[in-house]
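Computation of the quantities below employed the complete heavy-atom set of this structure, encompassing side-chain atoms and omitting hydrogens, waters and symmetry-equivalent molecules. Here, residue 1 is the first one in the sequence, and each next residue gets the next number.
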Amino acid sequence: MVVAAVHNRVLRRIFSAFELSIEARRREMKKRFLFVSFFPMVLCFAHSQNLILEREIDLGFFLKPHQAHLVFAASDSAGNVFITQRGNDSFLKLDRAGKVVLRAPRRNEGEIIKFDIDGYGNSVCVFSGRLEEGEFRLPLAWYNGFTGEKLKEINLGERFSFIAHLRILRPRDLILVNGIASEEGFRNDSLHLLDFDGNHVNSFSPFGNQGLTVEAVLERNGDYFASSPQFDSTNGIVFQALPEMKLIRYFDLAGNRLGETDWAERDHFLLHSGNIWFQGAEGFRVVEKKGNQYVPTNVNIKDADGARVPWHPVAVDSYGNIYFLGGKDLQSLIIYALK
C-alpha cells in the first residue's frame, strides 16, 4: 500500500510537470503567433508611411514663375527657412509659420548665383563674377541670419574659373564646390573642399583618375554639372550624380569612393534620414543605406491620398520635413512631413 501510494504521488508529479510543460509550450506558441501576426503589421506600417501636407506659403511676390530648378532653400536648427532664386539680389528668411522675418542684403551686392546657410544659421551667397582692375572676382559673402548684416567675404575667383554648385557641409563648416579650378594642380578634379577662409582642404574627381582635365571629361559627360552634389551630414557622405553614366557615386570627405548606385531613370533625388529617395511617377522610391551600400526597397512614399507629390523638391530639414516648390506657377513653398 505504501509503495502504491508513493508510486501514485510520483505519477501525479510527473503528470503535473507534464501539464505545466504543455501549458508553458502553449504560452510560448501564443507569443510566437502574436509576434508572427504583428510582424507583417509592422512591415505594412513601415511601407505605408505618407507625406502629410503641413502648410503652403505663397512666394509669388519674390520668386519668378516656372523656375523652381533655380531656387535655393535651406533650414536652420530652429526650423526657419532661407530661400532665394538664381539671379535675385536678396534672400528671405521665413519663420516656422511662414512669416517673412528677414530680407537681406539691404544694399545691392549683385545677382545671387549660389546660396546656402552655415551651421550657425547665417546665409552664404555667391554673387555673379566680375572683373575688377584686371582681377576676376567671384564673391562669397556671409550674412548674419538675424540682422542681415554682412559678416565676411572671400574671393572664390582666386581658385575657380567656374562654379556649378556650392554647398555648406553642416555641421562641419566646410564648403563643397563643384566646378573648375583655375589652379593647375587641381585641373583633373571637380569636387573641392574649402574651409571658411577659402583655404584648400581636399579635391577629388567622381569620374575617377582618368588623367584628363575636367573640361576634357565634360566633352563626354555634358550634363554632369546639371546635377548638384548632395551631402549626408549624419554619415559624412558626398553624393554626386553622373547623368551619362546613369550612376550616383558616393564618397567620404577624404575623397574615397564608397560605392555607387543606379540612376537609370535620372529622377530627382534627395536624402532623407540617411536613405536615398528617388522621385518617380509612382511616388518616392526609397533606397536604404545598409553599411556602405544602398539597397532598393519596396517602400514607395506618396501623399496621404495615395497620390504622388508632383512638386519640385528643394530642401529637407533636420526634422525630416521636405520642402517643395509647387502651385500653378511653381511659386509656392509647400512643406510636407513624413507620418
Side-chain angles (χ1 to χ4, degrees), residues 68-72 86 113-114 116 126 159-169 174-183 185-194 201-272 274-281 284-297 312-316:
H69 61 290
L70 299 179
V71 170
F72 307 104
R86 184 184 176 96
I113 60 171
K114 305 297 168 192
D116 207 344
V126 180
R159 293 189 174 276
F160 299 98
S161 59
F162 171 74
I163 291 179
H165 303 283
L166 178 142
R167 300 187 73 91
I168 303 298
L169 305 191
L174 288 171
I175 304 168
L176 174 65
V177 173
N178 190 354
I180 300 176
S182 55
E183 298 173 280
F186 307 110
R187 298 289 288 178
N188 295 352
D189 300 317
S190 65
L191 293 175
H192 309 270
L193 289 173
L194 309 176
V201 176
N202 190 26
S203 294
F204 56 95
S205 170
F207 294 99
N209 185 14
Q210 299 185 12
L212 299 172
T213 64
V214 176
E215 294 95 325
V217 171
L218 288 176
E219 290 181 3
R220 292 178 292 178
N221 302 275
D223 288 342
Y224 169 63
F225 279 138
S227 181
S228 172
Q230 305 290 325
F231 182 62
D232 175 5
S233 61
T234 301
N235 298 294
I237 300 176
V238 175
F239 296 79
Q240 177 62 55
L242 307 174
E244 277 79 1
M245 300 173 71
K246 298 182 179 180
L247 294 173
I248 295 173
R249 287 179 172 165
Y250 42 98
F251 308 81
D252 62 22
L253 293 180
N256 300 309
R257 187 195 298 182
L258 302 178
E260 60 187 36
T261 188
D262 290 337
W263 194 40
E265 302 300 326
R266 292 175 58 167
D267 295 324
H268 291 297
F269 73 96
L270 55 86
L271 302 179
H272 194 286
N275 298 325
I276 306 174
W277 286 22
F278 290 101
Q279 186 180 32
F284 283 100
R285 295 175 289 110
V286 177
V287 178
E288 184 180 15
K289 185 178 188 303
K290 292 187 176 181
N292 280 340
Q293 300 299 315
Y294 288 83
V295 181
T297 69
H312 185 88
V314 291
V316 179

Smallest separation among heavy atoms of [X] and [Y], with atom names:
X      : Y      : result
Arg249 : Pro206 : NH1-O, 2.8 Å
Arg86  : Phe72  : N-CE1, 3.8 Å
Phe269 : Gln230 : CE1-CG, 3.5 Å
Gln240 : Ser228 : OE1-C, 4.4 Å
Gln279 : Pro313 : OE1-CD, 3.3 Å
Phe278 : Val287 : CE1-CG2, 3.4 Å

Could you give the distance from [atom1] ([X]) to [atom2] ([Y]), rounded to the nearest 0.5 Å?
X      : Y      : atom1 : atom2 : answer
Ile168 : Phe231 : CD1   : CZ    : 11.0 Å
Asp189 : Ile180 : CG    : CD1   : 12.0 Å
Arg266 : Asp223 : CZ    : CG    : 5.0 Å

Does the side chain of [X] reach to within under 4.5 Å of the side chain of [Y], using non-hydrogen atoms?
X      : Y      : result
Ser190 : Val214 : yes
Phe160 : Ser182 : no
Leu194 : Leu174 : no
Pro229 : Leu176 : yes
Phe225 : Asn178 : yes
Leu247 : Asp262 : yes
Leu253 : Asn202 : no
Thr213 : Glu219 : no

Exam field: side chain [X] to backbone [Y], donor-acceptor pair closer than 3.5 Å:
X      : Y      : result
Arg187 : Ala181 : yes
Asn221 : Leu242 : no
Asp116 : Arg167 : no
Tyr250 : Asn292 : yes
Glu244 : Gly222 : yes
Glu288 : Thr297 : no

Quiz item: What do the steps show when you test Leu169 against Ile175 for side-chain contact (heavy atoms from CB on, under 4.5 Å), and what is the final call?
Solution: CA-CA 6 Å; Leu169 305 191; Ile175 304 168; over 6 Å; no

Legend entry - Ring geometry between His272 and Trp277 (parallel below 30°, tilted from 30 to 60°, perpendicular above 60°): parallel

Thinking salt bridges, do [X] and [Y] make one under a 4.0 Å N-O criterion?
X      : Y      : value
Glu265 : Lys246 : no
Arg257 : Asp252 : no
Arg159 : Glu183 : yes
Asp232 : Lys289 : no

Across all chains, not counting sequence neighbours, the ring pair (Phe, Tyr, Trp, His ring centres under 6.0 Å) partners of His165 are none

Q) For the ring pair Phe239 and Phe251, is the centre-to-centre distance below 6.0 Å? A) no

Assess the pair His69 and His312: is the distance between their ring centroids shorter than 6.0 Å? no

